[in-house]
> 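My questions will all concern the structure given below.
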Amino acid sequence: MEIRIGTRGSALALRQVEIINERIAAQDSHVAIQPVIIKTQGDCESEKLPAEFGTDGVFVNEIEKKLLAGEIDMAVHSAKDIPSRTDDRLSLHVITSREDPRDVLLFSDPAFLSVDEKTIYTSSPRRAELLSRKYPGCHIRPLRGNIDSRIKRCQSGECDAVVLAAAGLIRLYGGIEISGLHSVPLEPEEFLPSAGQGILVCETIRGSEADIFLNELTDVEASRVLFAERNEMLEMGLGCEDAAGAYATVREDGRLELFSFKKSEKISRRLLPPSVAIAGAGPGYPGYMTVRTMELLKECEVLLYDALISEELLSACGSTCEKIYVGKRAGAHHADQEQINSLLVKYAVTGKRVLRLKGGDPFVFGRGGEECRALTEAGIPYEVVPGLSSATAVPASVGIPLTERGINKGFTVVTGHGATDGDAGIDYKELAGFNGSVVFLMGLSRTASICDGLSEAGMSSETPAAVISKGTCPDSYCIRGTLGTIAEQVQSDSRMQAPAILVFGESAGHDPGLLCMPFSGETERPIRVAVAGTESFCREMQKKLSDPNVRVTTVPHLGISPLEEGMDRIRKADIREYSHIVLLSSHAVRLFFGAFLCTGRDLRELHGIRIVTAGHGTSAFLEKEYRLRADVIPEESGSEGVLKALDRECSAVEKVLIPRSKKGSEVLADGLKGRGIPFDEIPIYDSVFRKEAMEAVLSADRTAEFDYYVFASPEGVRAFFENGGILGGAVPICIGHVTEAALGRYSEVPCLVPEDAGADEIAGLIK
């Protein structure tokens, strides 16, 4: 494997590539490194002061362009030179430990510190601000040039004193002591360094071979402090060339302590909370989840969740939360435990709020302990939030008390995994003689083996037994019998599906009486609806279908990715040349106005331009978000309806602007061409397939019998069917006729189409 590394051509930059090369070679001696020297704006205009550039990233922008163009595989930077906000297509890797983060004051006159009027040279606004605080009344003079030239100017007496980064001195000269100069290190808690100072960063394209390779080399501690410092700069809205700084350290307890400041403000100091929480979601019914876990669910930026987490809970996450399905079901593990542990560490070091959400309680057969150990070994503190275990909650939900005065005084919980004949891992003799309830989790497919083991160990065949399938879910189902009959009952009942819990003991025969279950609907079987589309559409449909008799499973398998080229065209467009603007979706509304308004333009520029929406749903979103009412709302939804509406506009139509999806239907464009109407069609976003969302549904609910499948777009239909989606016996509902036509290419099943493209209208079709 060969890696082309983009770098600046200075002595320090080349030394930094050597350091990275040494780290990579230690991991894999077969990897060959090829440096590629790239001149940046900062190199070409070496005498220009930072404030004169008017932009961040003057030492990295050209290198990043080469990386995105595929001319290099990786870039190496000093982390302090990278802007706080980076391109989403790029990843940052820290694979070496942090060098000394301090700044160093260098001067030739030994009496310099005792002089009242000091003159210190630096071109950094941050250093200038902190120097004026440390040495009130000192004079700050600008100075550019590389490390070597600045040192020489100080040695020659041209400059009284300069401030340089200790890391650069150590990498080039082996230490902070420089011949002919006095060195005074400035402690970082008081003289705050730039965010990431002393840290080397490798930048790669997400998902590339180099990106995957570097994931294995992460220096956890250096990564944690870097991202904490960068996130702080982001929150302040400042960059690497502003008079601001951030410095994070790892305490003995693993917590991060963060110092930060910006111009005219004091240095703040605070302890950052753990970035990882391992929490239990309870047995299934959302109402049985703890308040703390719900708080974490709403706040998390990354969610790693299991197969049995309900869609209602997932919808509580913020719209920008990255959801990663890591479920494990019998015979179908999406991710093994080692992969899950690695993902926890990977996302934790970025400083993002990570929630590992597990069914039941994380420490009751949930492997939560293994995940805690992985985080501890990586030096990452975490929070554990207990959950209501299915071992106790599910029996209670069907009226089975695991303990009851005068009947039994305790209960024991056993995993049913591996419960086969002769399994040495289960002491059936001890269980058979236990004076209490015996609960087996995850043992449905081994019911016969479990019953045989208990019977052979001496438990009476008349011992009451119960098996509860999908406990606390709307389709919970329970059968009762005895040790001698329950296995045959389970085998002959098709309604009995995993996950299920087995209970043996006198309490299993308890009469539930007039038990009411809050998680069940009023009907014998709830209506089951699967909604496929973008996350915002799925969330909207879930709100509209919030009925106790309807169970919604969302399939947010499409993500929305803005297209920078199209957004830039909107920003620069002469909006007055258009008579009509056509907005076909809420995404088009949000991104169009986001691009239009971000340059300081005024909504009044749209005066006289008629806005056409694709239906009442898009129109309602436009009015809600921007207080604008659509001028034209077609009677018929979709592109065909828009064409008919434009026909009715007659001579008023001069030129049409259509900001839209890259993969949108050609119906509108073809229709306008046929009518001779001039238009500009600008793709401003693309739909991106989210594999994990599809796989989560296929793994968890593929065998479920949905009554309806709702599709929001032709692209949603294509992505669904071409990635393993099946309708089964469900009735498809398409948001419009163009989507209906797309469905026809994959299925002959007749579908329902609402008169108008809106969530309310779709909900009205579900009975």
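Numbers here are sequence positions counted from 1.
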> Please tell me whether E404 and N408 have a donor and an acceptor in their side chains that are separated by less than 3.5 angstrom.
no
> Check the pair H93 / M74 against side chain to side chain contact (heavy atoms under 4.5 Å, CB included), numbers first and verdict last.
CA-CA 10 Å; H93 300 268; M74 186 172 89; over 6 Å; no
> Counting only heavy atoms not in R85 (residues, nucleotides, ligands), do more than 12 fall under 6.0 Å from its CZ?
no
> Side chains of Y247 and V225: does their closest heavy-atom pair fall under 4.5 Å?
no
> Assess the side chains of S260 and S268: does a donor N or O sit below 3.5 Å from an acceptor N or O?
yes
> Do the non-hydrogen side-chain atoms of R224 and I380 ever get within less than 4.5 Å of each other?
yes
> Describe, in one word, how the ring planes of Y325 and Y305 are oriented to each other, choosing from parallel (under 30°), tilted (30 to 60°) and perpendicular (over 60°).
tilted
> Should the pair R373-E370 be classified as a salt bridge under the 4.0 Å nitrogen-to-oxygen rule?
no
> With a 4.5 Å limit on heavy-atom distance, are the side chains of D219 and T96 in contact?
no
> Mind checking the OG-CD1 spacing from S437 to I400? Nearest 0.5 Å is all I need.
8.5 Å
> Restricting to ring-ring contact (aromatic ring centres under 6.0 Å, His included), what partner residues turn up for Y347, sequence neighbours left out?
none
> State, with a plain yes or no, whether a side-chain heavy atom of L441 is found less than 4.5 Å away from one of S390.
yes
> Check this for me: R89, atom CZ, are more than 12 non-hydrogen atoms of other residues, nucleotides or ligands nearer than 6.0 Å?
no
> Side chain of R23, backbone of L217: donor and acceptor closer than 3.5 Å?
yes
> Would you say E722 has more than 12 foreign heavy atoms packed within less than 6.0 Å of its CD?
yes
> Can any side-chain N or O of T472 pair as donor or acceptor with the backbone N or O of Y285 at less than 3.5 Å?
yes
> Please examine the side chains of E232 and R270, heavy atoms only from C-beta on, and report whether any two atoms are closer than 4.5 Å.
yes
> Please check if the number of heavy atoms outside R269 that lie under 6.0 Å from its CZ is greater than 12.
no
> Are L314 and T554 packed together at the side-chain level, in the sense that at least one heavy-atom pair is separated by less than 4.5 angstrom?
no
> I'd like to check I205 versus L90 (side-chain heavy atoms, cut-off strictly below 4.5 Å). Are they in contact?
yes
> How about E216: does its CD atom have over 12 heavy atoms from other parts shown lying under 6.0 Å from it?
no
> A side-chain contact here means heavy atoms from C-beta on lying under 4.5 Å apart; do Q542 and V531 qualify?
no
> I'd like to know if the side chain of R690 reaches the main chain of P556, judged simply by a donor and an acceptor atom lying under 3.5 Å from each other, with no hydrogens or angles considered.
yes
> If you draw a 6.0 Å radius around CD in E430, do more than 12 non-hydrogen atoms from other residues or ligands fall strictly inside?
no
